[in-house]
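Reviewing the structure listed below.
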Protein chains: 2
Amino acid sequence: MVSIKEVAQLAGVSTATVSRFINNPDQVKQHTRERVQKAISETGYAPNTLARNFRRGKTHIVVVVLPSVGDPFFEGIMEGIWRVAREQGYSILVRETLFNTVDFDEFTHMIFSKQADGIILLASPSPFREGVSIDDERKQPPIILSCENVTPELKNFPSVRIDNVAAATEATTYLISLGHKRIAFMFGKSSSTLTADRETGYRKAMKKAKLPIDDTWVSEGGLTLEGARRAVRKLINSSAPPTAIFCANDEMAIGAIHEIKAAGLSVPEDISVVGFDDIRYAEVVDPPLTTIAQPAEEIGERTMYRLCKAIDGSDIGLGAETVPHKLIVRRSTAKPPQSS
Amino acid sequence: MVSIKEVAQLAGVSTATVSRFINNPDQVKQHTRERVQKAISETGYAPNTLARNFRRGKTHIVVVVLPSVGDPFFEGIMEGIWRVAREQGYSILVRETLFNTVDFDEFTHMIFSKQADGIILLASPSPFREGVSIDDERKQPPIILSCENVTPELKNFPSVRIDNVAAATEATTYLISLGHKRIAFMFGKSSSTLTADRETGYRKAMKKAKLPIDDTWVSEGGLTLEGARRAVRKLINSSAPPTAIFCANDEMAIGAIHEIKAAGLSVPEDISVVGFDDIRYAEVVDPPLTTIAQPAEEIGERTMYRLCKAIDGSDIGLGAETVPHKLIVRRSTAKPPQSS
DNA sequence: TTGTACGCGTTATCAG
DNA sequence: CTGATAACGCGTACAA
């Protein structure tokens, strides 16, 4: 492995000059530049990133924590993150949490031990250890939450997301406006507060319309196809089945539609279904899914920009940066059946 | 930022002892261990990963190159990779290529400049620069291809995948056995050799059955929902529309089904559709998709294991490691319509 | 069992 | 504009 020394020797200059040639070429005289360039080409020298990072004290790596690669919702978010990362010279290390718990200490440790310059928590299930609290006084580590609220303790953590409560209220209110009275809500995992805001929005809308909520209507779908299918089977067989189901994400909505149809019922004739996220499959399922669209790329971009600022030491403040959502009405929703 | 020195000072030992305590605790006397442990706790010391990597000459990072995070096909593959990575102490850096070209030099440079210990090319579009050829004599950089064949030059590169030709032949032959004679094939991008093997398998099966292939039947779907929809519109309106469509991946098959139904036709009554990959949505689309299943987790695991060996300097040989595929018959395929 | 001392490859500082 | 040299934090021979 050829080092800067050999290049310097071959070019007949000092290592300092070679280093300057690489990092501040304008500080090197034209004539010298050529000599160094030649030596680099001949040796095939490439600066050792390890040594460079060590010296500079920066990894230029940002860790993105997400539940699972393969979730179409992240496509747009990641695209936004990547665009900015590339522009700012960062690489992205992905850490999935699907089957592993994580705690906040792990993340601070990553920063502390220089494994990463900053961290983005993307819709992380966030089973943070209890008692985590970033007191506003202390300088925060460069960590940004994105897309979802997590534990109440971190409510004031820097984040970028839509107003989940308002969006869920809007979706539920839309169902109510169609005439639905028995509306179910399907959340993620009971252990996680991931979709809590969406549940809050749902309850808020129901309350405002003075509609009762049967306990059996609020069920867990684990944010997965399979979980939603199980939950729907129960709902359908219950004594007071709902005429509409609002799912906390599209994945569950797709599973729900499949299971409703498998049971011989129709969507939306018998049961209306609403999703959340507007992933690319929402438009091609049968029937196309009514859902809440999030401006994914924008979320990604703004998250990464904010993180860059935090890494640079700027004060980015606490709290959420809110981006607009939009209710997309497709054909999975209609008036409730007459008999009801 | 607290360094090893301060810990040593506080514990009243040398830095060497602290280092040993971290890396070879058994070489430190019990009594000393306690003192060091205490000092570490008090200072909140964490070894500087940058310095450590520099010193050891390894990053413990493996770069996984893939077209796009958010592609459900990668879920299983990544899970396998991650399991092994965790076990072997590696982190995963993800590099997406969706909208960026990459060349082989970029990857060798990553290894060369110590940005990563090894690289996995996952179903990469692989627009490698021409003239790339790893001659068998020279020691190869630790790079493994996974899932797909790429350019012909790299045919003999270390890889882990199913036998794409055989799988495609099997899928096509199945359609033929149902009585189909006019079978279309939808590939990815014409610029990419990504799905070339699958096309080869398709042509092989058609030839064996002595069935002609109309040029208009072989079309490009870009591996996306949207691309497939465009392609299907053309197919349906052509003078000799096919009675079955074999798509090079499930994503396109899902788009195809949607578009066929949107045109007022039925799947499989009017047109049968076969996909490839068996992503999780394949089972819940309407009708459920007949497709080729790949053992995703196994592919991921074996790829990562092989890469680890390569990183450790073992000779892993050239060529492909083949894993078994399986044709999954669901309800998107049936006999062709009588009229045909 | 522990301490001393050196070197890893780069960049930054400071003289020249 | 360029060269000499001191860090950066850690791991490890080697000596004690």
Side-chain angles (χ1 to χ4, degrees), chain A residues 1-40 42-61 89 91 109-117, chain B residues 1-40 43-61 89 109-117:
Chain A
M1 199 101 303
V2 35
S3 88
I4 201 172
K5 273 188 192 165
E6 301 164 54
V7 178
Q9 198 165 9
L10 183 61
V13 299
S14 73
T15 60
T17 300
V18 179
S19 178
R20 272 190 289 259
F21 171 82
I22 307 250
N23 303 299
N24 308 83
D26 10 305
Q27 290 178 20
V28 180
K29 196 163 60 173
Q30 175 64 28
H31 177 65
T32 318
R33 252 189 268 181
E34 285 162 13
R35 291 228 313 269
V36 176
Q37 180 55 272
K38 188 155 165 281
I40 289 181
E42 281 178 19
T43 54
Y45 167 74
N48 181 322
T49 311
L50 256 26
R52 168 177 280 175
N53 288 346
F54 169 50
R55 180 60 236 240
R56 303 218 243 237
K58 279 194 63 174
T59 59
H60 290 282
I61 285 176
S91 294
H109 182 269
M110 274 183 156
I111 307 262
F112 202 53
S113 67
K114 299 294 182 66
Q115 277 171 64
D117 294 342
Chain B
M1 198 100 304
V2 33
S3 87
I4 201 171
K5 271 189 194 165
E6 300 163 55
V7 178
Q9 200 165 6
L10 182 61
V13 299
S14 73
T15 60
T17 301
V18 179
S19 177
R20 273 189 288 258
F21 172 82
I22 308 252
N23 304 300
N24 308 83
D26 10 305
Q27 290 178 21
V28 181
K29 197 164 58 172
Q30 176 64 26
H31 177 65
T32 319
R33 252 188 268 180
E34 286 161 13
R35 291 228 313 269
V36 176
Q37 179 56 272
K38 187 154 165 282
I40 289 181
T43 53
Y45 167 74
N48 181 323
T49 312
L50 256 27
R52 173 177 272 178
N53 287 347
F54 169 51
R55 182 63 238 253
R56 304 217 241 238
K58 279 193 64 175
T59 57
H60 291 280
I61 286 176
H109 182 269
M110 274 183 157
I111 307 260
F112 202 54
S113 67
K114 300 293 183 64
Q115 279 171 62
D117 293 344

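Heavy-atom basis, side chains included; hydrogens, waters and symmetry copies ignored. Below, chain A is the first sequence line, B the second, and so on; all start at residue 1.
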Problem set entry | Spatial distance of atom CD1 (B:Ile4) from atom OG (B:Ser19) [nearest 0.5 Å] |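 Nearest 0.5 Å value for the CD1-OG distance: 5.0 Å.
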Exercise. To the nearest 0.5 Å, what is the distance between CD (A:Gln115) and CD1 (B:Ile61)?
Worked result: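 Rounded to the nearest 0.5 Å, the CD-CD1 separation comes to 8.5 Å.
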Exercise. Reading nucleotides 5-16 of chain C 5' to 3', which nucleotides get B (base under 4.0 Å from a protein heavy atom), which S (sugar-phosphate only), which -?
Worked result: --BBBBBB----
Exercise. When you check the phosphate oxygens OP1 and OP2 of C:dT4, does a side-chain N or O of B:Ser14 lie under 4.0 Å from one of them?
Worked result: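 Result: no.
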Exercise. Quick one: is D:dG3 close enough that its OP1 or OP2 comes under 4.0 Å of any side-chain N or O from A:Thr17?
Worked result: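 For D:dG3, OP1 or OP2 has a side-chain N or O of A:Thr17 closer than 4.0 Å.
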d([atom1], [X]; [atom2], [N]) in whole Å:
X: B:Arg35; N: C:dT1; atom1: CZ; atom2: P; result: 15 Å
X: A:Lys29; N: D:dT2; atom1: NZ; atom2: P; result: 6 Å
X: B:Phe21; N: D:dT12; atom1: CZ; atom2: P; result: 17 Å

[X]: side-chain hydrogen bond (donor to acceptor under 3.5 Å, both in side chains) partners, not counting sequence neighbours:
X: A:Glu34; result: A:Gln30
X: B:Asn53; result: none
X: B:Lys5; result: none
X: A:Glu42; result: A:Lys38

Exercise. When you measure from the side chain of B:Asp117 to the backbone N and O of B:His60, does any donor-acceptor pair fall under 3.5 Å?
Worked result: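 Yes, the answer is positive, given that a donor and an acceptor are paired below the 3.5 Å cut-off.
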Exercise. Would you say the side-chain atoms of A:Thr49 pair up with the backbone N or O of B:Lys114, donor to acceptor, closer than 3.5 Å?
Worked result: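 No; zero donor-acceptor contacts below 3.5 Å.
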Exercise. Quick one: bend of the helix from C:dT1-D:dA16 to C:dG16-D:dC1 from 5 pairs per end, to 10°?
Worked result: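 Comparing the axis at each end, I get an angle of 40°.
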